[in-house]
Amino acid sequence: MERLRQRADFLAAAGGVKAPAPMFVLQMKVRGETGPARVGFTVTKRIGGAVERNRIRRRLREVVRLSSPSRMRPGHDYVLIGRRPALNAPFERIKDEFDRALRRVHAAPSKSGSSGKSGAEIPLQGSVE
RNA sequence: UCAGUCGGCUGGACGGCCGCUCCGGCAAUCACCGAAAGGUGGCCGGGGAGGAAAGUCCGGGCUCCACGGAUGAACGGUGCCGGAUAACAUCCGGCGGGCGUGAGUCCAGGGAAAGUGCCACAGAGAACAGACCGCCGCGGCGCGUUGUGUAUUGCCGAGGCAAGGGUGAAACGGUGCGGUAAGAGCGCACCGCGCUUCCGGCAACGGAAGCGGCAUGGCAAACCCCACCGGGAGCAAAACCGAAUAGGGACGGCACGGAGCGCAAGCUCCAGCCUUUUUCCGGGUCGCCGUCCGGGUAGGUUGCUUCAGGCGCCGGGCAACCGGCGUCGCAGAGGAAUGGCCGUCACGUUCAUCGCAUCCGCGAUGGGCCAUACAAAACCCGGCUUACAGGCCGGCUGAUACG
């Protein structure tokens, strides 16, 4: 799994397509080249102390790692912003939400970010039960 | 046994599957990304959070900046004494005071007879203060007695006193005896305080004797005085490598601002830059392309983990700690690794049943729950402070019971 390291990459992804979920917010941005998909993780200090933030990031990272790599498209950058429920939620729930969020993000009219403000949020499709 | 106090230790265990990061070895010296610097990728072996990693409150190392010297000033800090230490506001051992029956514990604990300032409210009086109630005798008038006076008592006046009451955080030292009209260190004894001398102690300080007759109220986390210490910023420090773009310099080549007049050469004016303290005068230059040079941004690499190091033994010291010998190698991330999921067990808690027991309770079996508290390195050390489920060990104190 290729990780996002530079602050500029995170800022760019913030201007991409967003898909909010109860456990996290998924952001996606098309890079315009054909390298492997890259993933970044963000847990803000508002969520909690370092221990809780570390745990949320690691669980989210594990979700991305265990989900099939083919679901992530080459040339795309993904950023997961952790939320507090991801700390104690059952692991399978987070995986389900991640799959659903990926579908929503890919179904969106991803205009590669160049045309217009493409920060539109995609509403949840159906109930998450 | 109960209650308490002080100190130390620990901070779940084992296993399975899938991952991350660093180091070492091997291997194509190959592939990919990047303009470059550089980075990524394979296999094997090994290492991989804490007692507080935390708060960032002190002290250092290290790095850069500043600095002739170092004093003084200013500012900040520290503040009983001695020791430990690289250093400290830390630690150890003492001293003094407060609290506690005690083990213990707490204390910004120098100077208030250098100065300035403050001491609210209450109270008569609050700093060389003061008399409201009160106490005391004296004078006058009455009451009373009556021969007069004394005693008793009331009012008025001029005085004496500060014992008692009352106010307050604090009232020109406390208790007792003497003394006196009543009182007062007025006198005496003891205590407190101060001074002197002697003794013990390195010292803080303690003890004794004599003298003084109470003078020196408190606040210095009020200014201040005294002694000692301190240059500033911080690993986003700093060093090295180093694009693109813009700008600077050198060289070469090409071209030679605008307007007016004029066929043209040219002339005049304007714009703009540099030199010039400024104006005038005078001089120079302007654009494009290419190559090279230097500064430097993004970015990258280093700094980055071996030390005031851990453990054991011996020796010195009451101790903090120091010395010697042996041994070990013990995280190095960088949008930030050290994990995710699961199983079993221990521990804990709770419920049910059974047994023992006067009770508190103890034991066994089975089931359920949680699978732990606090909190995660960010250059590195020494401390302090704060947070912390559960468990273990030891010293000491008090009470009770003694088989």
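Sequence lines set the chain letters: A, B, ... in the order given, protein chains first and strands last, and positions in each chain run from 1.
Under the Watson-Crick or G-U wobble criterion, with both distances below 3.5 Å, G69(B) is left unpaired in every strand shown. The nucleotide C64(B) finds its pairing partner in G232(B), both defining distances of the Watson-Crick or G-U wobble pair being shorter than 3.5 Å. Shown here, C280(B) forms no base pair; nothing in the strands shown gives a Watson-Crick or G-U wobble contact with both key distances under 3.5 Å. Shown here, C188(B) forms a base pair with G176(B); the pair counts as Watson-Crick or G-U wobble because both key distances fall under 3.5 Å. Base-pair partner of C396(B): G4(B) (Watson-Crick or G-U wobble, both distances under 3.5 Å). A 3.5 Å limit on both hydrogen-bonding distances identifies G324(B) as the Watson-Crick or G-U partner of C313(B). For C288(B), the paired nucleotide is G253(B), the pair qualifying as Watson-Crick or G-U wobble because both relevant distances are below 3.5 Å. Across the strands present, A53(B) finds no partner; the criterion is a Watson-Crick or G-U wobble pair with both atom distances under 3.5 angstrom.
In this entry the distance linking CD1 of Ile56(A) with P of A336(B) reads 14 Å, nearest Å. Protein atom CD of Glu62(A) is 13 Å distant from nucleotide atom C1' of A337(B), rounded to whole Å. The interatomic distance linking Leu60(A) (CG) with C341(B) (P) rounds to 11 Å, in whole Å. Phe98(A) places its CZ atom 18 Å from the P atom of G340(B), with the value rounded to the nearest Å. To the nearest angstrom, C1' of U338(B) lies 18 Å from CZ of Arg59(A). Between the CZ atom of Arg38(A) and the C1' atom of G39(B) there is a distance of 14 Å, rounded to whole Å. Summarising the geometry, the separation between CD1 on Ile47(A) and C1' on A375(B) is reported as 18 Å, rounded to the nearest angstrom.
Residue Arg58(A) places at least one side-chain N or O closer than 4.0 Å to OP1 or OP2 of U338(B). Close to G340(B), at under 4.0 Å from its OP1 or OP2, lies a side-chain N or O of Arg55(A).
When every heavy atom of Phe24(A) is checked against every heavy atom of Ala101(A), the shortest pair comes out as CE1-CB, 4.0 Å. Residues Phe98(A) and Leu26(A) come closest through the heavy atom pair CE1-CD1, 4.4 Å.
Under the 4.0 Å criterion applied to side-chain N and carboxylate O atoms, Lys29(A) and Asp77(A) are not assigned as salt-bridge partners.
Side chain of Leu66(A), nearest nucleotide from A337(B), A376(B), C18(B): C18(B). Candidate nucleotides A376(B), C341(B), G339(B) were compared by shortest atom distance to the side chain of Phe91(A), and C341(B) ranks first.
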Kindly list each side-chain donor-acceptor pair under 3.5 angstrom involving residues 43-52 of chain A, sequence neighbours excluded, with atom names and distances?
unit_1, atom_1, unit_2, atom_2, d
Glu52(A), OE1, Arg84(A), NH1, 3.4
Glu52(A), OE2, Arg84(A), NH2, 3.1

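When the salt bridge (Lys or Arg N to Asp or Glu O under 4.0 Å) test is applied to Asp99(A), the partners found at least two apart in sequence or on another chain are Arg71(A).
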Using atom names, set out every protein N or O paired with an N or O of nucleotides 331-335 of chain B below 3.5 Å, distance rounded to 0.1 Å.
unit_1, atom_1, unit_2, atom_2, d
G334(B), OP1, Arg5(A), NH1, 3.3
G335(B), O2', Leu4(A), O, 2.9
G335(B), O6, Arg7(A), NH1, 3.0
G335(B), N2, Thr42(A), OG1, 2.5

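A donor-acceptor contact under 3.5 Å is formed by the side chain of Arg65(A) with the base of C18(B).
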